[in-house]
Amino acid sequence: MRTNRILLIYTGGTIGMGCNPQTGALEPLDFNHLVNAMPELRLVKTDIDVYQFDPPIDSSDMSPTCWAQLVEIITKHYHSHDGFVILHGTDTMAYTASALSFMLENLTKPVVLTGSQLPMGQLRTDGKENVVTSIELAAAHNADGLPLVPEVCIYFSGRLLRGNRSTKINADGFNAFESYNYPHLCDAGVTFNYHPHNILRPDFDRPMVPHQEMDNNVIVLSLFPGIEENIVRHVLEAPELHAIVLRSFGNGNAPQKPWIARLLNDAARRDVVIVNISQCVSGTVAMERYDAGYHLKDAGVVSGRDSTVEAAVTKLMYLQARYHDPRIIREKMNQSLAGEITLPT
């Protein structure tokens, strides 16, 4: 049953910021400032309800606790609204989109994250188009009433992207996000050009299942020439460590130094889950392709395939909170839970 209502959730970010008269730095403002700067919202055909984080936060301060709050808000309003638009700072938007894609299991309604590179009150802001288009995308539906894009997405600068495939690519330009390993869900120009074969189709007969628990005992370890054994050992031997996202070279390669394989193997035997993703923005991990990657596989490292670092980190947090058996977590990391990785055909 459609309600013709969209919930707009304002968390903070550049889109609602203003200039501090003392420091000259941008800082979050009350949502009323945003509404006053955007009278176009009153012209949107869909009814819009608003929920505001109090106080609004800079996206650099986003956390699993905030993700749980978003899940709670969406769950509470799930049956009274057709879709959700989350206004969010760009710096951690891809992390939040990835996390929500796992925490909102069997999502059957659109959740669109957007924001801006310039505050709404500035003349050249990109925020107005991003917000209005996101609301239209969240409200869009087929003739049978089912939503056109029932998944967690990021909309920015004419591109609707799968949330857990997206990453921030530009700190200054309006084209701030891209999904290198997955095509766009919709391109918004004069008209909307949807790509239905790229969009997830959930089971509309099953309910959405919310999850709020996340285990954030995860570290991202980037390999580089000259990486030191003693430093890596101190990180890997931390007793609180549950998982490692290993950012390797190319197709999943690492220096063939005996100490690297030994430390990783020791961690794996302590039930630390180690997931290998590439430092390249495009492509996939294939550890069996080169000997420089095969020794990682022998050390107990599992492939993250073509996952983004944001998706790998949040997927591990989600799985660790749900399962205590590392074997199950390793198996799930090689399964596509919400379209986050490409599986071999």
Side-chain angles (χ1 to χ4, degrees), residues 6-17 28 31 51-78 83-105 107 109-117 127 130-131 134 137-138 149-157 159-171 176-179 182 185 200 208 210-216 218 220 245 307-321 337-340:
I6 296 297
L7 182 63
L8 188 66
I9 305 171
Y10 174 59
T11 67
T14 299
I15 193 167
M17 286 186 171
F31 186 79
Y51 185 98
Q52 176 183 336
F53 272 36
D54 186 20
I57 61 172
D58 187 284
S59 71
S60 298
D61 293 321
M62 190 57 62
S63 68
T65 301
C66 297
W67 298 337
Q69 184 179 352
L70 285 169
V71 170
E72 183 178 6
I73 294 165
I74 291 171
T75 302
K76 180 179 179 181
H77 297 87
Y78 197 72
F84 305 86
V85 174
I86 300 174
L87 304 186
H88 194 291
T90 58
D91 286 346
T92 59
M93 186 182 292
Y95 283 98
T96 297
S98 297
L100 292 179
S101 74
F102 304 122
M103 299 170 80
L104 298 169
E105 183 183 353
L107 179 69
K109 296 187 177 185
V111 175
V112 184
L113 285 85
T114 195
S116 67
Q117 295 286 65
N130 284 348
V131 172
S134 294
L137 289 165
V149 193
E151 58 175 291
V152 180
C153 316
I154 288 178
Y155 177 78
F156 234 89
S157 190
R159 304 166 177 170
L160 184 68
L161 313 173
R162 176 165 296 166
N164 57 33
R165 293 289 193 140
S166 305
T167 194
K168 186 176 181 180
I169 62 166
N170 198 326
F177 291 89
E178 186 54 275
S179 56
Y182 199 78
L185 306 183
L200 284 176
M208 186 274 288
H211 302 275
Q212 296 189 37
E213 297 297 323
M214 298 286 268
D215 178 352
N216 57 343
V218 181
V220 178
V245 176
S307 175
T308 64
V309 65
E310 296 93 340
V313 167
T314 54
K315 186 176 180 179
L316 281 168
M317 289 182 180
Y318 164 74
L319 290 174
Q320 287 169 179
L337 305 183
E340 72 281 0

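Worth knowing before you read on, the calculation uses all heavy atoms, side chains too, and leaves out hydrogens, waters and symmetry mates.
Using modelled atom types, no side-chain atom of Asn170 and backbone atom of Phe177 make a donor-acceptor pair closer than 3.5 Å. Not a single donor-acceptor pair under 3.5 Å links the side chain of Glu105 to the backbone N or O of Pro210. Judged by distance alone, with hydrogens and angles left aside, the side-chain atoms of Ser59 form no donor-acceptor pair with the main-chain N or O of Met62 at under 3.5 Å. No side-chain donor-acceptor contact under 3.5 Å links Thr96 to the backbone of Met93.
Side-chain contact between Cys153 and Leu185 is present, with heavy atoms from C-beta onward closer than 4.5 Å. Val218 is not listed as a side-chain neighbour of Val220, based on a closest heavy-atom distance of 4.5 Å or more. Proximity of Leu104 to Ile74: side-chain heavy atoms (C-beta onward) are separated by under 4.5 Å at one or more points. In this structure, the side chains of Thr308 and Tyr95 stay at 4.5 Å or more apart for every pair of heavy atoms.
Tested against Thr114 for a side-chain contact (heavy atoms from CB on, under 4.5 Å), the candidates Thr90, Leu137, Asn130 yield a single pass: Asn130. Between Val71 and the choices Lys76, Met214, Glu213, Gln212, the side-chain contact (heavy atoms from CB on, under 4.5 Å) rule is met once, by Gln212.
When all heavy atoms of Ala338 and Asn164 are compared, the pair lying nearest together is O-ND2, 2.9 Å. Nearest heavy-atom pair across Val111 and Leu100 is CG1-CD1, 4.5 Å. Residues Pro110 and Ala138 share a closest heavy-atom pair of CG-O, 3.5 Å. The heavy-atom pair separating Asp61 from Cys66 by the smallest distance is O-SG, 4.5 Å. When all heavy atoms are compared, the tightest approach of Leu161 to Ser179 is CD2-OG, 3.6 Å. Between Val85 and Ser134 the shortest heavy-atom distance is CG2-O, 3.6 Å.
Atoms CG and CG, from Leu319 and Leu337 in turn, are 6.0 Å apart once rounded to the nearest 0.5 Å. Here OG of Ser101 is found 9.0 Å from CD of Glu151. Values are rounded to the nearest 0.5 Å. Interatomic distance, CH2 of Trp67 versus CE of Met317, reported as 5.0 Å (0.5 Å rounding).
Aromatic rings from His211 and Phe102 are positioned such that their centres are separated by 6.0 Å or more.
Take Glu310 and apply the salt bridge (Lys or Arg N to Asp or Glu O under 4.0 Å) test, not counting sequence neighbours, and it matches no residue.
A cation-pi arrangement is absent between Lys109 and Phe84, since the terminal nitrogen or guanidinium carbon is not both under 6.0 Å from the aromatic centre and inside a 45° cone about the axis.
The residues Glu340 and Arg165 are annotated as not salt-bridged, no charged nitrogen and carboxylate oxygen being separated by less than 4.0 angstrom.
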